[in-house]
Amino acid sequence: MKNIYLVGFMGSGKSTAGKLVAQRLGMEFVDIDSVIEEREGMEISRIFAEKGERYFREREREIIREMGEKTGLVVSTGGGLGADRSNMEFMKKTGVVFWLDVPLEEILKRTEGDDTRPLLKQSLEDLKKLYEERKKVYSLAHRRITAWEKTPEEIAGEIVDGYLHRD
């Protein structure tokens with residue numbers, strides 16, 4: 001089975017929907033951020049603080065390449081991993097990529113008070129710019145799922161349907 005990759009901005013529901021998709025299809029769920037935290041022995045926010053964003057992005061790239069060598073995975077990517085063109089191209093070659101599209105206003109509601117996400121510490125203006133930049137790459141995914149005003153079960157259902165009935 002081809003891998004399923006879920007991309008989208010932080011707080012778009014990739015991990016929540018991904019777990020449901022994996023259960024429904026009998027596939028293994030992998031959360032890239034969790035893999036990095038486990039291997040590094042520290043939380044993402046600490047990795048950013050101590051080693052920097054560049055180091056973190058290199059770990060993401062390494063791990064997504066590892067996942068691409070396997071099959072039958074549902075992979076929840078970090079918000080930045082799926083916004084990198086070379087990562088997107090790689091994922092499209094090794095699986096089916098779904099973009100969980102959520103408006104920034106909804107993202108801000110979902111992540112309010114979450115101090116574990118380093119990129120939320122920037123100004124609203126910078127966050128808006130980052131969001132718009134990332135959407136340009138997310139839009140290259142095989143399929144776009146409007147992932148707001150829907151339950152995680154509905155989103156997972158759309159992903160499963162899109163995966164099973166792909167061209």
Under the 3.5 angstrom rule, does the side chain of Asn3 hit a backbone N or O of Gly72 as a donor-acceptor pair? yes
Would you call Ile63 and Arg39 a side-chain contact if the rule is heavy atoms closer than 4.5 Å? yes
If you apply the rule salt bridge (charged side-chain N to carboxylate O under 4.0 Å, His left out), what do you find for Arg85 with Glu133, and how did you get there? CA-CA 11 Å; Arg85 284 187 188 272; Glu133 288 172 3; over 6 Å; no
Taking His142 for its side chain and Val97 for its backbone only, find out whether a donor-acceptor pair lies under 3.5 Å. yes
Do Trp99 and Ile32 sit in the same hydrophobic cluster, where Ile, Leu, Val, Met, Phe, Trp and Tyr count as joined when their side-chain heavy atoms come under 4.5 Å apart? yes
Can you find a pair of side-chain heavy atoms, one from Ile159 and one from Ile4, that are under 4.5 Å apart? yes
Same apolar cluster: Tyr138 and Leu108, side chain cutoff 4.5 Å: yes
When you measure from the side chain of Glu37 to the backbone N and O of Ile44, does any donor-acceptor pair fall under 3.5 Å? yes
Could you check whether atom CD of Glu50 has more than 12 heavy atoms from other residues, nucleotides or ligands sitting under 6.0 Å from it? yes
Ile64-Met27 co-clustered via ILVMFWY side chain contacts under 4.5 Å: no
Give a yes or no answer on whether the side chain of Glu89 reaches the backbone of Ser86 with a donor-acceptor pair at less than 3.5 Å. no
Can you tell me how far CZ of Arg144 sits from NZ of Lys135, rounded to the nearest 0.5 angstrom? 8.0 Å
Suppose we screen for salt bridge (charged side-chain N to carboxylate O under 4.0 Å, His left out). Which residues come up paired with Glu40, at least two apart in sequence or across chains? Lys51
Do Ile155 and Leu100 pass the side-chain contact (heavy atoms from CB on, under 4.5 Å) test, and can you show the C-alpha distance, the side-chain angles, and the key distance before you say yes or no? CA-CA 8 Å; Ile155 295 165; Leu100 275 59; 4.2 Å; yes
All heavy atoms of Arg166 vs all of Arg143, minimum pair found to be CA-NH2, 3.3 Å
Hey, what do you get for NZ (Lys109) to CD (Glu105), rounding to the nearest 0.5 Å? 8.0 Å
Assert yes or no for the condition that the ring centre distance of Tyr5 to Phe98 is strictly below 6.0 Å. no
Can you tell me if NZ on Lys2 sees more than 12 non-hydrogen neighbours from other groups inside 6.0 Å? yes
Can you name the nearest heavy-atom pair linking Leu140 to Lys136, along with the distance? CG-O, 3.9 Å
Looking at Glu132, I'd like to know if its CD atom is crowded, meaning that more than 12 non-hydrogen atoms belonging to other residues, nucleotides or ligands lie closer than 6.0 Å. yes
Would you say Lys92 has more than 12 foreign heavy atoms packed within less than 6.0 Å of its NZ? yes
Under a single-linkage definition using a 4.5 Å side-chain heavy-atom cutoff for Ile, Leu, Val, Met, Phe, Trp and Tyr, are Val75 and Leu164 assigned to the same hydrophobic cluster? no
Does Arg57 count as lying over the ring of Tyr55, i.e. NZ or CZ under 6.0 Å from the six-ring centre, within 45 degrees of the axis? no
CZ on Arg59 to CZ on Arg61, rounded to 0.5 Å: 10.5 Å
What is the minimum heavy-atom distance between Tyr131 and Pro103, and which atoms define it? OH-CA, 3.3 Å
Validation row: Tyr163, Leu25 side chains within 4.5 angstrom (heavy atoms): yes
Which heavy atom of Gly80 sits nearest a heavy atom of Glu60, and at what distance? C-OE1, 4.2 Å
Find out whether Val137 and Asp84 are in side-chain contact, i.e. whether some heavy atom of one side chain is under 4.5 Å from a heavy atom of the other. no
Thr94 vs Met67, test: side-chain contact (heavy atoms from CB on, under 4.5 Å). Steps then yes/no. CA-CA 9 Å; Thr94 62; Met67 298 303 117; over 6 Å; no
Could you pull out all donor-acceptor pairs under 3.5 Å where a side-chain atom in residues 6-20 meets a protein atom, sequence neighbours excluded?
{"from": "Ser12", "atom 1": "OG", "to": "Phe9", "atom 2": "O", "distance (Å)": "2.8"}
{"from": "Lys14", "atom 1": "NZ", "to": "Gly8", "atom 2": "O", "distance (Å)": "2.9"}
{"from": "Lys14", "atom 1": "NZ", "to": "Phe9", "atom 2": "O", "distance (Å)": "3.1"}
{"from": "Ser15", "atom 1": "OG", "to": "Asp31", "atom 2": "OD2", "distance (Å)": "2.5"}
{"from": "Ser15", "atom 1": "OG", "to": "Ser76", "atom 2": "OG", "distance (Å)": "3.2"}

Decide side-chain contact (heavy atoms from CB on, under 4.5 Å) for Val30 and Glu28; before the verdict, give the C-alpha distance in whole Å, the side-chain angles of both, and the deciding distance to 0.1 Å. CA-CA 7 Å; Val30 177; Glu28 181 183 345; 4.1 Å; yes
Please determine whether the number of non-hydrogen atoms from other residues, nucleotides or ligands lying under 6.0 Å from atom CD of Glu62 exceeds 12. yes
Is the shortest distance from a Lys or Arg side-chain nitrogen in Arg54 or Glu58 to a carboxylate oxygen in the other one below 4.0 Å? yes
Phe90 six-ring centre to Arg65 NZ/CZ under 6.0 Å and within 45° of normal: yes
Would you say that Phe29 contacts Leu73 through its side chain, given a criterion of any heavy-atom pair below 4.5 Å between the two side chains? no
Are Leu81 and Val102 connected into the same hydrophobic cluster when the rule is that any two of I, L, V, M, F, W, Y join if their side-chain heavy atoms are below 4.5 Å apart? yes
So which atom in His165 and which in Asp161 form the shortest heavy-atom distance, rounded to 0.1 Å? ND1-OD1, 2.8 Å
Do Glu158 and Lys150 meet the salt-bridge criterion of a basic N to acidic O distance under 4.0 Å? yes
Taking only residues two or more places apart in sequence or in another chain, which ones pass side-chain contact (heavy atoms from CB on, under 4.5 Å) with Arg24? Glu153, Ala156, Val160
